[in-house]
There are 2 protein chains.
Amino acid sequence: MNNRVDESPLPDQGHDDSAAASELRMATFRLARRLRAQRAIDTMSDGQFAVLAALTVHGAHTLGQLADRERVSAPSMNRTVTLLENAGYISRTPDETDRRRVTIDLTDYGRRIVDETVRRRDAFVEEALAELTPEERETLARAATIMRKVADR
Amino acid sequence: MNNRVDESPLPDQGHDDSAAASELRMATFRLARRLRAQRAIDTMSDGQFAVLAALTVHGAHTLGQLADRERVSAPSMNRTVTLLENAGYISRTPDETDRRRVTIDLTDYGRRIVDETVRRRDAFVEEALAELTPEERETLARAATIMRKVADR
DNA sequence: TATTGTTATACTCTATAACTATA
DNA sequence: TATAGTTATAGAGTATAACAATA
């Protein structure tokens, strides 16, 4: 497992702002942990899936581009890429114009795994949303936008 | 780093429900990742801090209780506990009535580290919240409650 | 000479299996 | 015999340093 800091203690003397901040932080960790548990292939780590997702969203990458995007060292990414290649999820092809580079892209099988994982993760959230009131769903939809803004600031 | 699945691809033909689910999932991962980066002591892992937080919230534990709570094997938890003990954050004391057991609890120093870490994590959220409109803050406060409900269902 | 990818090596976190002490 | 904790060992993920091939 990767991260389980979802029971963080509250600050001692929480005035309103700090209480709100703690609540949001704890709720975020707890939900993230729950969502992360919904993986299509339990033997694939978050880091491995993140590479497949990056290739899906942003297309083919070189090794260095993947390492930069995932903020990981080149040797570490090389190892992950080798594992994904051996599992048949991605392909490595030498670059024609600059032969130091290799192009890394999804295989059809890798694409299928990504779809399956996304569908399963979304299925959990969709079912949960379906049990809420329309007002609650609206609140979460607005909150999602604000959360991204906060995370990216 | 632990988890970086914050760029998950959207489902192919997102109708409204599935789009809302994807947005919430992505926003949650992204914010969790950002918050996780705010650690007081960069050499302490999430797993180690989670143990300190559990002891703060729920009091002293035996090794097995900690392993169960964090959903980790006993040997793995034993290793984490040994590291935390060597760092001076926790104490191990043999149980008087059942001498197979050991009681694990925070030291004063460990308590201080928890407070510091919580304060730093909350500081980031508080600063971010301060830049929002009152309506946005209200939305996030309501969302936090709903998110916990979704995570715990 | 600089850049891209890879290999060598080492450290952390995780697990299962085996062991010790106690119930 | 069963249980709680620990030790032994191994695999995955991470990093830095050193190397090979290419620009």
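Sequence lines set the chain letters: A, B, ... in the order given, protein chains first and strands last, and positions in each chain run from 1. Keep in mind the model is a prediction, meaning the values are calculated, not measured.
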Is any side-chain nitrogen or oxygen of [X] closer than 4.0 Å to OP1 or OP2 of [N]?
X      : N      : value
A:R92  : C:dT6  : yes
A:Q48  : D:dA12 : no
B:R100 : D:dT3  : no
A:S45  : D:dG13 : yes
B:T62  : D:dA4  : no
B:S76  : C:dA15 : yes

### Task
Please confirm whether the backbone N or O of A:R25 pairs with a side-chain atom of B:R121, one donor and one acceptor, at under 3.5 Å?
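Not confirmed, B:R121 side chain does not pair with A:R25 backbone.
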
Grab the [atom1]-[atom2] distance between [X] and [N] for me, whole Å please.
X     : N      : atom1 : atom2 : answer
B:D95 : D:dT3  : CG    : P     : 17 Å
B:L63 : D:dT6  : CG    : C1'   : 9 Å
A:M44 : D:dG13 : CE    : C1'   : 15 Å
B:D68 : C:dA15 : CG    : P     : 12 Å
B:R71 : C:dA15 : CZ    : P     : 13 Å
B:D98 : D:dA4  : CG    : P     : 8 Å
A:M77 : C:dT7  : CE    : C1'   : 17 Å

Salt bridge [X]-[Y], side-chain N to carboxylate O under 4.0 Å:
X      : Y      : value
B:D115 : B:R112 : no
A:D122 : A:R119 : no
A:E135 : B:R142 : no

Indicate, with a heavy-atom threshold strictly under 4.0 Å, whether [X] touches base, sugar-phosphate, or nothing.
X     : answer
A:T97 : sugar-phosphate
A:N78 : base
A:Q65 : nothing

### Task
For residues B:D95 and B:T62, determine if any side-chain heavy atom of one lies less than 4.5 Å from a side-chain heavy atom of the other.
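In short, these two side chains do not touch, never coming nearer than 4.5 Å.
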
### Query
Does the side chain of A:H58 come within less than 4.5 Å of A:Q65's, by heavy atoms?
no

### Message
Does anything in residues 79-86 of chain B come within less than 4.0 Å of DNA chain C? Heavy atoms only, and list the residues if so.
### Response
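Heavy-atom cutoff 4.0 Å gives B:R79, B:T80, B:L83.
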
If you only use heavy atoms from C-beta on, which nucleotide in [options] is closest to the side chain of [X]?
X      : options                : value
A:P75  : C:dT16, C:dA23, D:dT16 : D:dT16
B:R101 : D:dG5, C:dG5, C:dA23   : D:dG5
B:R99  : C:dA23, D:dG5, D:dT16  : C:dA23

### Query
More than 12 heavy atoms of other residues, nucleotides or ligands under 6.0 Å from CZ of B:R99: is that the case?
no

### Message
Determine whether A:R33 and B:R71 satisfy the following criterion, side chain to side chain contact (heavy atoms under 4.5 Å, CB included), listing intermediate values before the conclusion.
### Response
CA-CA 12 Å; A:R33 178 181 179 183; B:R71 291 167 212 269; 3.4 Å; yes

